[in-house]
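I have placed the structure first, in the form of structure tokens, so that the comments after it can refer back to it.
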Amino acid sequence: MASIRNLVLLTGAGLSAESGLATFRGPGGLWEGHRVEDVCTPEALARDPALVHRFYDLRRAALDNVAPNAAHEALARLDASWPGELLIVTQNVDDLHERAGARRLLHMHGELRSALCAACGTRNRHEGALPPASPCPACGAAALRPDIVFFGEMPYGMDRIEAALAEADLFVSIGTSGAVYPAAGFVQMAAHFGAATLELNLERSAGSHWFEESRLGPATQLVPQCVDGLLAQG
Ligand code: OAD
């Protein structure tokens, strides 16, 4: 621990589960009743924009009824206090990291409270429902869509993420199934560049064998413990 200076923390749906937001896979997962290809691809958006927009409208509305949990709060505390480089890379499209106070944060799969203009590429803060063909405040085109990275699209911030992984001394993966690339491959990239690798998850994931250490349990217990350990090293 003493030689750890640069951190990359990857978070997934399991981090927000104890705030009351359903995960994607497993019992109660978000895809139940909705095939992923019906709501999370460019083809689905072109075929049935009303369904796709409605799906994300409901998820955006659900944010009003949830709050950050002890795991989000611990990561925000780490962000505020950690003297070295730190990047929280989240696959989550909720805003619970920032509501807990995290600053060094990258939403690689987009954000529910953002709208993307399919015509000019501008990203705009957005609250409330987003009907199909809403006008873009920047260019006026009737082309706003949910600012979500669909399957087959390039995640945000890959250059910044890869640079942070190359410099990382420790890579921590929290509450993610390791089922979706490129995020699922970050552990191998970090290890390739010499980082120690740690997984914190409720159960063993598809990528557990890539990690030097896996700690199993709920994020609200494991993450504060891990953060306390990291901050105690200084
Ligand atoms: P998943 O739903 O695939 O995985 C969630 C993981 O969290 C599972 O391994 C659970 O065991 C674990 N988990 C559940 N509750 C937990 C808890 N209380 N504490 C710790 N771990 C817990 O979610 P992601 O891996 O985030 O993409 O899914 C990756 C991407 O798939 C998402 O970002 C989404 C989806 O397609 C987009 O929206 C673009």
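This one's a predicted model, so the numbers in the text were calculated from it and none came from an experiment. Both ligands and their constituent atoms are indexed starting at 1 by order of listing.
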The one among [options] that brings a heavy atom closest to [atom]:
| atom | options | value |
| --- | --- | --- |
| atom 3 (O) of ligand 1 | S177, S16, A183 | S177 |
| atom 15 (N) of ligand 1 | L15, V149, T90, L202 | L202 |
| atom 27 (O) of ligand 1 | E203, H109, Q221, R204 | H109 |
| atom 5 (C) of ligand 1 | G12, A22, G175 | G175 |
| atom 9 (O) of ligand 1 | N201, I174, L112, L10 | N201 |

- [ ] Report the part of S205 in contact with ligand 1, treating N, CA, C, O as backbone and CB onward as side chain, heavy atoms under 4.0 Å; options are side chain, backbone, both, neither.
- [x] neither

Task: Residue part near ligand 1, for V180, under 4.0 Å between non-hydrogen atoms - done: side chain

Check if [X] has a non-hydrogen atom at a distance under 4.0 Å from any atom of ligand 1.
| X | value |
| --- | --- |
| F150 | no |
| V93 | no |
| G217 | yes |
| P218 | yes |

Please could you name the atoms of ligand 1 that [X] approaches to less than 4.0 Å, counting only its heavy atoms?
| X | value |
| --- | --- |
| A17 | 15 (N) |
| E18 | 17 (C), 18 (N), 19 (N) |
| F151 | 36 (O) |
| Q91 | 29 (C), 33 (O) |
| A13 | 23 (O), 24 (P), 26 (O) |

Can [X] and [Y] be counted as an ion pair, charged N to O under 4.0 angstrom?
| X | Y | value |
| --- | --- | --- |
| R54 | D57 | no |
| D147 | R125 | no |
| R113 | D64 | yes |
| R104 | D79 | yes |

TODO: Please list, chain by chain and in numerical order, all residues satisfying ring-ring contact (aromatic ring centres under 6.0 Å, His included) with H97, sequence neighbours excluded.
DONE: H72

Task: E18 atom CD, neighbour heavy-atom count above 12 within 6.0 Å - done: yes

TODO: Please list, chain by chain and in numerical order, all residues satisfying side chain to side chain donor-acceptor pair (under 3.5 Å) with E199, sequence neighbours excluded.
DONE: S205, S208, S214

Task: Given T176, L15, V149, the one that forms side-chain contact (heavy atoms from CB on, under 4.5 Å) with Q91 - done: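 The passing option is T176.
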
Task: Atom of A164, atom of L87 and distance for their closest heavy-atom approach - done: CB-CD2, 3.8 Å

TODO: Locate the shortest heavy-atom distance separating R5 from W82; write the atom from each residue and the value.
DONE: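 Minimum heavy-atom separation between R5 and W82: O-NE1, 2.7 Å.
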
